[in-house]
Amino acid sequence: MPQPNPNCTISILAHTRLRRDALSLTQLATAVRTLLGLIHAVAQPDLHSGTKYPIGAVFVSKAWIHPPLIGGDIGCGMAWYKSSLSRNAVDGERGKRVADELRGLEGAWRSQQERETWLTDGGDCCATGWQWDAALGTIGADSHFAEVQMVEAAAVSAGEDGGAGLAEDDVVRLVHSRSRGYGGDMLRRYAADGVQGRLGCWRGSRE
């Protein structure tokens, strides 16, 4: 039977003087000791305890997938998109007009056939069914949003190694979207299949 990786490393991204949630650190260590395939775990500055696994942690896994680590947030994500707009185009009242273009993103985007075409890459289609694909391009409620931001300063210039391709006065869109129920449905199906008690799913397995 496969065993957890005893050499999995842990990094904590927080100042040593900051008070940390003891339970969240215990949950982090427990995940590292019990879950298969983990190579590295990172506790981010906002680490806090969850129901079973910590929230605000990153886990690097080789060949094993662990849906409960993400839970109902499966499919949520954040991304920056660099814009061709200039800083002058979003200053003051002009910025409000640009932001207004981000409203009304809750309706279904085009037809299911067009969505499946957009979701196809190199012959592989990652469509998940019309009930989920209809939410493609929408944001979601709660803490999810889309906003326009300006780069005030760049610690590393756009052309240097380690740079994010951004420079001072660049305009970007930050999008934080939710799974729109897909993550919760995936987690429920994972539990219903009787594999919740296992230590993960092997990549390529039926689960």
Would you say L47 and I12 are hydrophobically clustered, going by side-chain heavy atoms of ILVMFWY under 4.5 Å?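 L47 clusters together with I12.
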Review point. Cluster question for you: counting only ILVMFWY and a side-chain heavy-atom cut-off of under 4.5 Å, with indirect links fine, are L38 and V42 together?
Key: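 No, because L38 and V42 fall into different hydrophobic clusters, even though each may have its own neighbours under 4.5 Å.
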Looking at [atom1] of [X] and [atom2] of [Y], how far apart are the two atoms once the value is rounded to the nearest 0.5 Å?
X: L13; Y: Q44; atom1: CG; atom2: CD; result: 6.5 Å
X: T138; Y: R178; atom1: OG1; atom2: CZ; result: 9.5 Å
X: D124; Y: L119; atom1: CG; atom2: CG; result: 12.0 Å
X: R173; Y: L85; atom1: CZ; atom2: CG; result: 6.0 Å
X: M150; Y: D91; atom1: CE; atom2: CG; result: 5.0 Å
X: D21; Y: L28; atom1: CG; atom2: CG; result: 11.0 Å

Is the backbone N or O of [Y] less than 3.5 Å from a side-chain atom of [X], with the two atoms forming a donor-acceptor pair by type?
X: N5; Y: I39; value: no
X: D170; Y: V151; value: no
X: E116; Y: C125; value: no
X: R115; Y: R110; value: yes
X: H176; Y: L174; value: no

Where do [X] and [Y] come nearest, in terms of heavy atoms and distance?
X: G72; Y: S179; answer: O-OG, 3.5 Å
X: M78; Y: F145; answer: CE-CZ, 4.3 Å
X: S24; Y: S49; answer: CB-N, 3.4 Å
X: I70; Y: I74; answer: CG2-N, 3.4 Å
X: V32; Y: P4; answer: O-CB, 4.3 Å

Does a side chain donor of either T128 or D133 reach within less than 3.5 Å of an acceptor in the other side chain?
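Per modelled atom types, T128 and D133 side chains form a pair under 3.5 Å.
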| Under 3.5 Å, is there a donor-acceptor pair linking the side chains of S177 and H144? |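 Checked: S177/H144 side chains show no N/O donor-acceptor pair below 3.5 Å.
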More than 12 heavy atoms of other residues, nucleotides or ligands under 6.0 Å from CG of D100: yes or no?
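Check passes, neighbour count above 12.
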Is the shortest heavy-atom distance from the side chain of [X] to the side chain of [Y] under 4.5 Å?
X: C126; Y: D121; result: no
X: P68; Y: K52; result: no
X: H40; Y: S11; result: yes
X: L35; Y: L69; result: yes

Can you label the angle between the W118 ring and the W109 ring as parallel, tilted or perpendicular, going by 30° and 60°?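 Perpendicular.
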Holding to side chain to side chain donor-acceptor pair (under 3.5 Å), I want the full list of residues that pass it with R94, two or more places apart in sequence or in another chain.
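Not a single residue meets the side chain to side chain donor-acceptor pair (under 3.5 Å) criterion with R94.
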